[in-house]
Number of protein chains: 2
Amino acid sequence: MLDDLDRNLLEILVRDARTSLKQLAAQVGLSSPSVSERLRRLEERGVIRAFTVEIDPLALGYTLQAIVRIRPLPGKLHIVQKLIEEIAEFGECDKVTGDDCFVARLFVRSIGDLDGILDRIADKAETSTAIIKAQPIRRRPPPLGTSSASSS
Amino acid sequence: MLDDLDRNLLEILVRDARTSLKQLAAQVGLSSPSVSERLRRLEERGVIRAFTVEIDPLALGYTLQAIVRIRPLPGKLHIVQKLIEEIAEFGECDKVTGDDCFVARLFVRSIGDLDGILDRIADKAETSTAIIKAQPIRRRPPPLGTSSASSS
DNA sequence: AGATTTCGGTCGAGATCGTCAAGCATTTCA
DNA sequence: TGAAATGCTTGACGATCTCGACCGAAATCT
């Protein structure tokens, strides 16, 4: 489905999405129209979900991040999910198996804000919050190579 | 530190990092050299951490994601952290307060792979794994507006 | 207050880049 | 065997970016 050239292109673009077609072409050994066509198809197929910009939350004043596990009270699941989606400070949320129904990432500027936001769901769900002290791995894509599990 | 124009630019770029300087200039009411200079400074200051491409893990065959909470055995914290960093299938890892020391996101192609990877840290840490069933909120930046907690 | 420096902006020209059409080779399929 | 489809290249045109020169407002210094 993806050949080596595609993977190569993706790798370069993950590092710098502004790499010009010309440079991309040079690095993978194609002409720029070919690269352009490949990118078009990668987008069309949904492999490339978006070209975007990664912003440092700190630069926006969000000095605190937390991982919040959320267990909605009986019958409140949908209301809670909707609420989470509407609160812009939630920067990520996954619905998971197990006791905790949701695991979410919260960006806040202060402990006070954290409290304020959790209060808004306190009557609809139980939450456990863990403050993030460090980020050993920041968001990165899974390995692009055709395989890799259990190597190094 | 950031004015309205900067925030406006960031908002546009988060949606589409390939927006041309010309278009950006038109949308915020500046000339393109000005926009160019602003972007340069946003990068320089670290506000924009990177221009990147968002890849669909599914397109690479990663049909399964999991949230893994990891509690290293006594004395094994650093070994475990290093191990996690080296395993490319970990797509995110935060060091948090509380009983669980790390919370990580794992991309795998199959349950078998999941087992294989967890086995590699099983003798150095306790783990609890939650399979991701859905993603109500995919990675998004915190609100860019000057404030927002407890609105909407 | 008045002069000066700094900061952020505009304009225009030259260089760079992306896109399009035309054409070619290889593979696939009837 | 031949026709169609795929994926590539080349070359030209138009759009975009970048760089230098210049300008004005605001802050700073004397």
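We name chains A, B, ... by the order of the sequence lines, and we start the count at 1 in each one.
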Asks: How many Å lie between CG on A:Asp6 and P on D:dG7, as a whole number?
Replies: 10 Å

Asks: Please check the phosphate of C:dT19 (OP1 and OP2 only) for any side-chain N or O of A:Arg40 closer than 4.0 Å.
Replies: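 So the side-chain polar atoms of A:Arg40 never come under 4.0 Å of the phosphate oxygens OP1 or OP2 of C:dT19.
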
Asks: In whole angstrom, give the distance that lies between atom CG of A:Leu42 and atom C1' of D:dG7.
Replies: 14 Å

Asks: Whole angstroms only, please: what is the CG-C1' distance between A:Leu30 and D:dT10?
Replies: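 From A:Leu30 CG to D:dT10 C1': 14 Å.
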
Asks: In terms of side-chain heavy atoms of B:Leu21, which of C:dT10, D:dT18, D:dC8 is nearest?
Replies: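 Given the options C:dT10, D:dT18, D:dC8, the side chain of B:Leu21 is closest to D:dT18.
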
Asks: Hey, does A:Ser34 reach any base, or is it just sugar-phosphate, or nothing, if we go heavy atoms under 4.0 Å?
Replies: base

Asks: Taking any heavy-atom pair under 4.0 Å as a contact, classify B:Arg41: base, sugar-phosphate, or nothing.
Replies: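 B:Arg41: backbone/sugar contact only, no base atoms under 4.0 Å.
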
Asks: Students often get this wrong, so: under 4.0 angstrom with heavy atoms, is A:Ser36 touching a base, only sugar-phosphate, or nothing?
Replies: sugar-phosphate

Asks: Please check this pair: side chain of B:Asp3 against backbone of B:Leu5, looking for a donor-acceptor N/O pair closer than 3.5 Å.
Replies: yes

Asks: Quick one: does B:Arg109's side chain have a donor or acceptor within less than 3.5 Å of a partner on B:Leu60's backbone?
Replies: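 Side chain of B:Arg109 to backbone of B:Leu60: a pair is present.
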
Asks: If you compare every side-chain N and O of A:Arg38 against the phosphate oxygens of D:dC8 (OP1, OP2), does one of them come in below 4.0 Å?
Replies: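 A:Arg38 to D:dC8 OP1/OP2: side-chain N or O found under 4.0 Å.
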
Asks: Taking atom C1' of C:dG8 as reference, at what distance in whole Å does atom CD of B:Glu44 sit?
Replies: 14 Å

Asks: Ignoring hydrogens and angles, tell me if any N or O in the side chain of A:Arg140 forms a donor-acceptor pair with the backbone of B:Phe90 under 3.5 Å.
Replies: yes

Asks: Counting only side-chain heavy atoms from C-beta out, which of C:dC11, C:dT19, C:dC17 sits nearest to A:Ser20?
Replies: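 The closest nucleotide is C:dC17.
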
Asks: Using atom CD of B:Glu37 as one end and atom P of D:dG20 as the other, report the distance to the nearest whole Å.
Replies: 13 Å

Asks: If you only use heavy atoms from C-beta on, which nucleotide in C:dT19, D:dT18, D:dC8 is closest to the side chain of A:Pro33?
Replies: C:dT19

Asks: How many whole angstroms separate atom CG of A:Leu9 from atom C1' of D:dC8?
Replies: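 Rounded to the whole Å, the gap is 14 Å.
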
Asks: From C:dG9, D:dT16, D:dG11, pick the nucleotide closest to the side chain of B:Lys22?
Replies: D:dT16

Asks: Look only at the side chain of A:Arg45 and the backbone of A:Met1, and say whether a donor-acceptor pair between them is shorter than 3.5 Å.
Replies: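 Side chain of A:Arg45 to backbone of A:Met1: a pair is present.
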
Asks: B:Leu39 CG to D:dT18 C1': how many Å, rounded?
Replies: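 One finds 13 Å between C1' of D:dT18 and CG of B:Leu39, rounded.
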
Asks: Give a yes or no on whether A:Lys22 atom NZ has more than 12 heavy-atom contacts from other residues, nucleotides or ligands under 6.0 Å away.
Replies: no

Asks: In this structure, how many angstroms lie between the P atom of D:dT18 and the CG atom of B:Leu24, rounded?
Replies: 12 Å

